Asks: 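Dropping the structure in here first, questions after.
One-based numbering along the sequence shown. For ligands, and for the atoms within them, numbers begin at 1 and follow the listed sequence. As the structure is a computational prediction, the values presented were derived from the model and not from experiment.
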Amino acid sequence: MLPRHHQPIVAVATAPGRGAVGIVRASGRDLRVLIDALCGGALAPRHATYLPFQAADGSPIDQGLAIHFPAPHSYTGEDVLELQAHGGPVVLQLLLARCLEAGRDIGLRIAEPGEFTERAFLNDKLDLAQAEAVADLIDASTEAAALSASRSLAGAFSTEIGGLRDRLVRLRMLVEATLDFPDEEIDFLQQADARGQIDDAVDALDGVLDHARQGALLREGIKVVLAGQPNVGKSSLLNALAGAELAIVTPIPGTTRDKVRETIQIEGVPLHVIDTAGLRDTHDEVERIGVARSWSEIEAADAVLFLHDLTRRGDPLHEAQDAQIAERLRLDAAGRHPRVLHVFNKADLAPAAAPSDGLALSAQTGLGLDALRRELLQRAGWHAQPEGVFIARTRHVQALRRTREHLALAREHLVAASPAFELLAEELRLAHDALGEITGTFTSDDLLGEIFSRFCIGK
Ligand SMILES: Nc1nc2c(ncn2[C@@H]2O[C@H](COP(=O)(O)OP(=O)(O)OP(=O)(O)O)[C@@H](O)[C@H]2O)c(=O)[nH]1
Ligand SMILES: [Mg+2]
């Protein structure tokens, strides 16, 4: 623990602005001084007491509920005091200032973002994956994301990680024990079916990895860029997907100059859809900057919808320009690329011309939009029922992948013609460490700082 972890902290826990109730929360090893000063004496543990919050001269700042959660039975595991006052910004600032004044002698200071949850983590109230789920629950942009964050917070993800960890611990104990008996190493490991155990661990890990990927998708979504020549209907498609008139649509080619971004959800999976300026060579300075931005969005996209105008199919100029874009998108000879989906728009005007190598739709009538949504979900890699998913982050997926790599190397050492048992033991240790990063058993202070700094203040 760092010195700052020993200092008592205080913050307004409710969102800024006016509200029926506003909460000031303090946490520290011993908050008696603060409680006496503001509440006029000790409080019954975990009971709401209605009382005046006292200023230094004894006059009331506000009347409200005070609750004392004595350590260790609190959110942070420390002494926690919660003051529920009227939810006006000025009242809450007055209360906060009064707390700081009354707590000066015990070193009370304003909490940094996420510091309450960080303490809960440091005091083993939550593991790191659960602490992250707290932030994800607060930040959830869809119902499915919120419910899955709630499952992670309740420990669903941590339990799966715990199961994997137990397997690794058993394997490590087995291998380390054999290191003490060099002559019988091979027999010993064969008898215990070490290889079978590694294979089982990899299978179990793949299951968790799949769940975590789905959870990360639910939390982070994917970035979908609408690209194509001017006037093919990119902005119309964005508006149709979003169900709102977000981007300007006109029959004039080159309407969109800057990117327009909107997050939509399909079955609870957030898709960050970006409409871009139509791709063409132009002498217009503004449009040229727009086109450059389009390309940088395309490069950073998880999926690119390459739009074509069905009514202009066969038009040599249109086809030649599409071919130029295709080249820059690095499509193969058959016009394919894993990230690129061909979308043929304006199907309402050319119903017979729907090609087989993409989706035909009409941004104007909505024809074919459902098929596009299904295709996008599939491309995103979504195949779960949202009810069973727990939230996860890219960080978790990466740690699981690293665990898997070390297990694969461990297996290679085990099955080698002349097995290197020290290296096998080392790979298992590295696999164990990588797994521990998820729940925070092995996590650097830098990473912790990074994770908690993204929380809101007071949480
Ligand atoms: N009939 C029909 N017209 C469409 C459809 N989609 C778009 N349009 C029309 O095509 C024209 C261009 O649409 P936009 O959505 O502005 O096209 P864009 O690709 O964003 O064009 P730029 O911003 O210039 O690159 C407008 O007149 C739209 O009304 C469609 O599905 N059917
Ligand atoms: Mg446009």
Side-chain angles (χ1 to χ4, degrees), residues 223-264 266 271-301 303-315 317-329 331 335 339-376:
K223 182 168 167 178
V224 180
V225 170
L226 307 179
Q229 293 184 45
N231 228 24
V232 292
K234 300 177 296 298
S235 302
S236 305
L237 183 56
L238 172 77
N239 293 349
L241 286 170
E245 297 303 308
L246 300 170
I248 300 172
V249 168
T250 75
I252 305 161
T255 300
T256 306
R257 300 299 184 89
D258 214 342
K259 59 194 178 204
V260 182
R261 189 189 154 99
E262 179 68 8
T263 297
I264 61 164
I266 306 178
L271 299 187
H272 313 291
V273 185
I274 298 160
D275 173 28
T276 60
L279 303 167
R280 66 170 170 185
D281 293 330
T282 167
H283 296 294
D284 182 307
E285 176 69 14
V286 181
E287 193 178 351
R288 235 190 12 240
I289 297 172
V291 171
R293 287 190 180 178
S294 300
W295 281 111
S296 63
E297 289 300 333
I298 290 168
E299 267 140 39
V304 177
L305 300 188
F306 184 2
L307 263 75
H308 313 272
D309 185 339
L310 266 182
T311 64
R312 294 188 61 198
R313 249 175 108 76
D315 166 349
L317 185 63
H318 190 72
E319 303 271 317
Q321 280 171 344
D322 264 2
Q324 260 185 25
I325 298 173
E327 193 180 332
R328 186 142 177 210
L329 282 172
L331 302 189
R339 284 194 308 145
V340 177
L341 172 64
H342 291 279
V343 171
F344 298 90
N345 189 31
K346 311 194 187 180
D348 54 309
L349 295 180
S356 60
D357 55 340
L359 283 172
L361 54 79
S362 166
Q364 205 161 72
T365 66
L367 177 85
L369 275 189
D370 277 340
L372 175 64
R373 290 193 185 97
R374 279 196 301 277
E375 178 71 24
L376 278 173

Asks: Who are the side-chain hydrogen bond (donor to acceptor under 3.5 Å, both in side chains) partners of Arg339, not counting sequence neighbours?
Replies: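 Arg339 satisfies side-chain hydrogen bond (donor to acceptor under 3.5 Å, both in side chains) with no residue once adjacent residues are dropped.
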Asks: Near Gly278, which atoms of ligand 1 are under 4.0 Å from a heavy atom of that residue?
Replies: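 Close to Gly278: 25 (O).
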Asks: In this structure, does ligand 1 have an atom that sits under 4.0 Å from one of the heavy atoms of Leu237?
Replies: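 No, Leu237 has no heavy atoms under 4.0 Å from ligand 1.
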Asks: Supply the atom-to-atom distance Arg280 CZ to Ile325 CD1, rounded to the nearest 0.5 angstrom.
Replies: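 It is 11.0 Å, given to the nearest 0.5 Å.
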Asks: Under 4.0 Å from ligand 1, counting heavy atoms only, is it the side chain of Val249, its backbone, both or neither?
Replies: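 Both parts.
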Asks: Among protein atoms, how many N/O/S atoms lie less than 2.8 Å from the Mg ion (ligand 2)?
Replies: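 There are 2 of them.
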Asks: Suppose we screen for side-chain contact (heavy atoms from CB on, under 4.5 Å). Which residues come up paired with Glu285, at least two apart in sequence or across chains?
Replies: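 For Glu285 the side-chain contact (heavy atoms from CB on, under 4.5 Å) partners, ignoring immediate neighbours, are Arg288, Ile289.
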Asks: Taking all non-hydrogen atoms of both residues into account, name the closest pair between Gly233 and Ala363 and its distance.
Replies: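 Residues Gly233 and Ala363, closest heavy atoms: O-CB, 4.4 Å.
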Asks: Out of all atoms in ligand 1, which are within 4.0 Å of some heavy atom of Ser236? Include the element for each.
Replies: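 By the 4.0 Å cutoff, the relevant atoms are 6 (N), 7 (C), 13 (O), 14 (P), 15 (O), 28 (C).
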Asks: Considering only the protein, which heavy-atom contact is closest to atom 29 (O) of ligand 1, and what is its distance?
Replies: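 Result for atom 29 (O) of ligand 1: Gln364 NE2, 3.4 Å.
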Asks: Do Asp309 and His318 meet the criterion of a side-chain donor-acceptor pair at a distance under 3.5 Å?
Replies: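 No pair is found: no donor N or O on one side chain lies under 3.5 Å from an acceptor on the other.
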Asks: Between side-chain atoms of residues 248-255 and protein atoms elsewhere (two or more places apart, or another chain), which donor-acceptor pairs fall under 3.5 Å?
Replies:
unit_1, atom_1, unit_2, atom_2, d
Thr250, OG1, Ile252, N, 3.0
Thr250, OG1, Thr255, OG1, 2.6
Thr255, OG1, Ile252, O, 2.5

Asks: Which atoms form the tightest heavy-atom contact between Lys346 and Val232, and what is the distance?
Replies: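 Heavy atoms of Lys346 and Val232 come nearest at CE-O, 3.7 Å.
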